[in-house]
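Remarks on the structure that follows.
What you see is a predicted model; the values in this text were computed from it and never measured. Each residue takes its place number in the sequence, starting with 1.
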Amino acid sequence: KYENPTNGRGFIFGVNSAYDGTYGQYVSISGLWGQMNATNVTDAAPINMSYGANTWRVMDNECGPWSTTLDSLAGGITGQGNGAKIKFNYIHDIGGHATNLQNHGMYYDSNSSSSLGTQNYEIAYNWLYNCYGGSGIQFFGTGGYLHKNNSIHHNFIDTCGKYGINAADGVETMDIYDNILTTIQKHGIRLNYDTTASTNVKVFYNTIYNTDLVAGGADGAIENDGAATGSSAILIKHNTIVFPAGRTNTAFARFYGNNGTDTNVTLDQNLYYDAAGTLLTVPAKDATYGIVGNPNFTSASTGDFTVTA
């Protein structure tokens, strides 16, 4: 176990942009526990791979707690690079600024030095719990540097202050599948692409439960906020979306929301259920094969998403 000192930047920190592509590659981190100090500064993180984190292996670590209220612009595991595998980690109790919500469970960025986004990352079999300072997993890039060929699968994301998964600016190709997302204040999965960047994104076999807990307009358990046009292809298929009974925010919740352009977004064969009986029809884009029905989870409120007969 390592606890970061006051005003520190994290217990593992990769190279800065000046050494991208020269140092900081082929690193393996396993079996560590990093607990952060509440005073840690911008870009702090238990594990910040930083720039050019190529072929890293970050597996079986515990990151948290981090009881900060600062706008740290980071997360439990963060970085940018090519070909990393982030698996079997427990990330929990990640705080942040209560309004800005920019400190996440995981945060993957782009690199203006190399003009690259995060590419060929596999993020799988992680448990992210109580990421109240931001989203569970976020990809975000600036300057047109694209995130390519990344996969997010078989993660359990429980209780987030913002989004469950935020596939945001610069995402070009990504598979998001077989994740469980529960108790998310805003969208379970948010897609936000520009016209040139989103070419092939698949969202399938995810279970999304109890999202959109705060008011905010046309909120969807799965939300498109980008301009998915041109050669773009976004497929949302075979997901299970459930709103439980007893929700405090029912007026704004939707199974699917669009605040962008979703001409080339396809919804197909998703299962929808609102236990309160407020939402009784499938989204218009899934009218042909979408189904309204109770998946009969054993005990979703306690995290058991197996189904009964």
Side-chain angles (χ1 to χ4, degrees), residues 128 131 135-137 152-168 174-192 201-226 228 234-260 262 265-308:
L128 296 96
C131 299
S135 300
I137 298 173
I152 303 173
H153 66 91
H154 293 95
N155 300 284
F156 193 103
I157 302 174
D158 182 354
T159 309
C160 297
K162 199 173 186 180
Y163 312 121
I165 296 173
N166 186 21
M174 178 178 286
D175 289 343
I176 302 171
Y177 63 95
D178 283 308
N179 302 283
I180 295 176
L181 305 103
T182 178
T183 317
I184 311 298
Q185 289 297 304
K186 296 187 177 182
H187 314 308
I189 297 176
R190 177 178 181 259
L191 312 172
N192 186 31
V201 178
K202 300 183 182 71
V203 180
F204 55 101
Y205 292 115
N206 300 284
T207 298
I208 304 171
Y209 178 86
N210 199 25
T211 65
D212 302 281
L213 298 174
V214 295
D219 292 330
I222 297 179
E223 175 84 6
N224 176 68
D225 284 340
I234 297 176
L235 177 63
I236 301 170
K237 185 171 183 176
H238 292 313
N239 300 282
T240 298
I241 302 171
V242 175
F243 293 135
R247 292 166 49 80
T248 57
N249 172 41
T250 58
F252 295 93
R254 290 161 175 80
F255 295 128
Y256 167 75
N258 176 52
N259 275 327
D262 64 351
V265 174
T266 299
L267 274 68
D268 187 26
Q269 301 179 60
N270 299 285
L271 175 65
Y272 308 92
Y273 182 65
D274 178 12
T278 303
L279 300 172
L280 300 176
T281 60
V282 303
K285 293 183 74 70
D286 204 359
T288 303
Y289 296 111
I291 299 173
V292 171
N294 189 347
N296 293 317
F297 294 132
T298 300
S299 180
S301 62
T302 59
D304 186 351
F305 289 90
T306 59
V307 296
T308 60

side-chain contact (heavy atoms from CB on, under 4.5 Å) against T298, all qualifying residues, sequence neighbours excluded: D304, T306, T308

Over all atoms of both residues, closest heavy-atom pair of H154 and N179: N-OD1, 3.3 Å

ring-ring contact (aromatic ring centres under 6.0 Å, His included) partners of H238, counting only residues at least two apart: Y205

Heavy-atom side-chain proximity of I157 to I137 below 4.5 angstrom: yes

Which atom of N166 lies closest to which atom of S135, heavy atoms considered: CB-OG, 4.2 Å

Main-chain N/O of V203 paired to N239 side chain as donor or acceptor, under 3.5 Å: yes

H153 side chain near D175 side chain, heavy-atom distance below 4.5 Å: no

Residues which pass side-chain contact (heavy atoms from CB on, under 4.5 Å) with T159, listed by chain and number, not counting sequence neighbours: Y129, N130, T183

Listing, residues 282-293 side-chain donor-acceptor contacts under 3.5 Å, not counting sequence neighbours, or none:
unit_1 : atom_1 : unit_2 : atom_2 : d
K285   : NZ     : D262   : O      : 3.3
K285   : NZ     : V265   : O      : 3.1
D286   : OD1    : Q269   : N      : 3.1
D286   : OD1    : G290   : N      : 3.2
D286   : OD2    : N270   : N      : 3.2
D286   : OD2    : N270   : ND2    : 3.1
D286   : OD2    : Y272   : OH     : 2.6

Between CG on residue N206 and CG on residue L181, distance to nearest 0.5 Å: 6.5 Å

Over all atoms of both residues, closest heavy-atom pair of D158 and F156: CB-CE2, 3.5 Å

Distance (rounded to the nearest 0.5 Å) between N224 CG and Y256 OH: 4.5 Å

Distance (rounded to the nearest 0.5 Å) between N192 CG and Y163 OH: 8.0 Å

Aromatic plane relationship, F297 with F305 - under 30° parallel, 30 to 60° tilted, over 60° perpendicular: perpendicular

Closest contact, heavy atoms only, A167 versus M174: CB-SD, 3.9 Å

Full working for side-chain contact (heavy atoms from CB on, under 4.5 Å) between N258 and E223: CA-CA 6 Å; N258 176 52; E223 175 84 6; 5.9 Å; no

Listed once per pair and sorted, the salt bridge (Lys or Arg N to Asp or Glu O under 4.0 Å) pairs that draw on residues 267-284, sequence neighbours left out: K237-D268

Closest non-hydrogen atom pair, A221 against F243: CB-CZ, 4.2 Å

Sub-4.5 Å side-chain heavy-atom contact between C160 and C131: yes

Qualifying residues under side-chain contact (heavy atoms from CB on, under 4.5 Å), relative to Y273, sequence neighbours excluded: V242, A275, N294, P295

I176 and K202, any side-chain heavy atoms less than 4.5 Å apart: no

Shortest non-hydrogen contact from K186 toward T211: O-CB, 3.6 Å

Side chain to side chain contact (heavy atoms under 4.5 Å, CB included), paired with I236, selected from T266, I189, V201, L191: L191

